[in-house]
Amino acid sequence: MPRIVVTTEDIDVGAELAALEAGAGAVASFVGVVRGEADGRRLTSLILEHYPAMTEASLAEIAKTAANRWQLTGCTIIHRVGELTPGDRIVLAAAASAHRADALAATAFLIDWLKTDAPFWKRENFADGASHWVSARDEDQEARNRW
């Protein structure tokens, strides 16, 4: 049931949400976009790396967990990898259900778990030439743990 994609290509959000509408009464979604700054510094790009088989398996497990918790008619997780610039879409997490409560809760769950359980490594590149790997944040783990 879930659609899992890891890609370097942009995400066609309209087409993905339309595909989820079939048989659903509600579709909820979250679209993540690369910010133009981090820690008060201008960001020029964000590089995401992953291990292909491990990453897709992890995303599928997150989607499966959501489907076991809520009554879903569909679920889509698309995550981009490679070098992205500010304004680029980075992730789509969407869930469809007969009713909005399940779709909304499942979507929030998906993005909270993606932040902590999906194996991506992110490096921020700044306008001043500096770069660093992004570390896990306590608030992301707290958001995940509320589920």
Side-chain angles (χ1 to χ4, degrees), residues 1-39 42-125 131-147:
M1 170 186 79
R3 176 168 154 71
I4 306 296
V5 178
V6 177
T7 181
T8 58
E9 302 298 318
D10 194 12
I11 303 166
D12 184 342
V13 175
E16 296 296 336
L17 297 182
L20 284 171
E21 289 176 0
V27 176
S29 65
F30 172 85
V31 177
V33 177
V34 176
R35 292 184 299 267
E37 69 171 42
D39 301 324
R42 192 166 71 85
L43 194 66
T44 57
S45 69
L46 179 66
I47 296 175
L48 286 95
E49 295 183 2
H50 75 300
Y51 289 114
M54 182 172 74
T55 300
E56 282 87 348
S58 176
L59 299 183
E61 188 62 31
I62 292 168
K64 179 180 171 186
T65 302
N68 288 336
R69 291 184 181 202
W70 293 279
Q71 296 290 319
L72 302 180
T73 58
C75 175
T76 298
I77 298 172
I78 301 176
H79 209 296
R80 292 182 68 192
V81 293
E83 186 167 13
L84 304 172
T85 57
D88 286 346
R89 286 181 281 266
I90 188 170
V91 64
L92 168 67
S97 179
H99 303 285
R100 71 174 187 256
D102 280 358
L104 289 167
T107 299
F109 169 87
L110 290 171
I111 198 63
D112 283 344
W113 275 45
L114 283 170
K115 290 289 284 184
T116 58
D117 290 38
F120 291 101
W121 293 268
K122 301 175 187 172
R123 190 177 78 215
E124 294 174 327
N125 296 319
S131 69
H132 71 88
W133 292 99
V134 177
S135 301
R137 298 181 323 165
D138 291 341
E139 53 267 28
D140 291 336
Q141 190 63 46
E142 290 168 10
R144 186 233 190 248
N145 292 343
R146 72 185 169 114
W147 299 103

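Excluded from the calculations below are hydrogen atoms, water molecules and symmetry mates; all remaining heavy atoms, backbone and side chain alike, are included.
Ser97 contributes a side-chain N or O that, together with a main-chain N or O of Gln71, makes up a donor-acceptor pair within less than 3.5 Å.
With rounding to the nearest 0.5 Å, the separation of CZ in Arg80 from CD in Glu9 is 7.5 Å. One distance of note links OG1 of Thr55 with CD1 of Ile4; it measures 11.5 Å at 0.5 Å rounding. Rounding to the nearest 0.5 angstrom, the gap separating the CD atom in Glu139 from the NZ atom in Lys115 is 9.0 Å. One finds the OG1 atom of Thr76 at 6.5 Å from the CG atom of Leu92 (value rounded to the nearest 0.5 Å). Within the model, atoms OG of Ser131 and CD of Glu124 stand 9.5 Å from one another, a figure rounded to the nearest 0.5 Å. In this structure, the separation between OG on Ser58 and CG on Leu114 is 8.0 Å, given to the nearest 0.5 Å.
Few gaps surround NE2 on His132; more than 12 heavy atoms of other groups in view lie less than 6.0 Å from it. Within 6.0 Å of CZ on Arg42 lie no more than 12 heavy atoms contributed by other residues, nucleotides or ligands. In this structure, Asn145 places its CG atom where more than 12 heavy-atom neighbours from other residues, nucleotides or ligands lie under 6.0 Å away.
The side-chain heavy atoms of His50 and His79, taken from C-beta on, include no pair separated by under 4.5 Å. Taking the side chain as every heavy atom from C-beta outward, Thr85 and Val34 never approach each other to under 4.5 Å. Side-chain contact check for Phe120 versus Val134: every heavy-atom pair is 4.5 Å or farther apart.
Residue Glu83 forms a side chain to side chain contact (heavy atoms under 4.5 Å, CB included) with just one option from Thr44, Asp88, Asn125, Leu48, and that option is Asn125. Of the listed residues (Arg144, Gln141, Arg146), just one forms a side chain to side chain donor-acceptor pair (under 3.5 Å) with Asp112, and that residue is Arg146.
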Please walk me through it: do Leu46 and Ile90 pass side chain to side chain contact (heavy atoms under 4.5 Å, CB included)? CA-CA 10 Å; Leu46 179 66; Ile90 188 170; 3.7 Å; yes
Start with the C-alpha distance between Thr8 and Val81, add both sets of side-chain angles, then the distance that settles side chain to side chain contact (heavy atoms under 4.5 Å, CB included), and finish with yes or no. CA-CA 5 Å; Thr8 58; Val81 293; 4.0 Å; yes
With side chain to side chain contact (heavy atoms under 4.5 Å, CB included) as the test, would you mind laying out the steps for Trp113 and Glu61 before giving the verdict? CA-CA 10 Å; Trp113 275 45; Glu61 188 62 31; over 6 Å; no
Where do Arg89 and Leu84 land on the side chain to side chain contact (heavy atoms under 4.5 Å, CB included) test, with the steps shown first? CA-CA 8 Å; Arg89 286 181 281 266; Leu84 304 172; over 6 Å; no
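Asp140 is linked by a side chain to side chain donor-acceptor pair (under 3.5 Å) to Arg137, counting only residues two or more places apart in sequence or in another chain. For Tyr51, the ring pair (Phe, Tyr, Trp, His ring centres under 6.0 Å) partners are Trp121, not counting sequence neighbours.
Considering all non-hydrogen atoms of both residues, Thr73 and Ala98 come closest at CG2-N, 4.3 Å. Closest approach of Val27 and Ala96 over heavy atoms only: CG2-CB, 4.0 Å. The shortest non-hydrogen separation linking Leu72 to Ala106 is CD2-CB, 3.7 Å. Heavy-atom minimum distance, Ala63 versus Pro2: CB-CB, 3.6 Å. In plain terms, the two heavy atoms of Ala94 and Leu20 that are nearest each other are CB-CD1, 3.4 Å. Across Ala28 and Thr107, no two heavy atoms sit closer than the pair O-OG1, 3.2 Å.
Between Phe109 and Trp147, the ring planes lie perpendicular to each other; the angle is over 60°, past the 30° to 60° tilted range.
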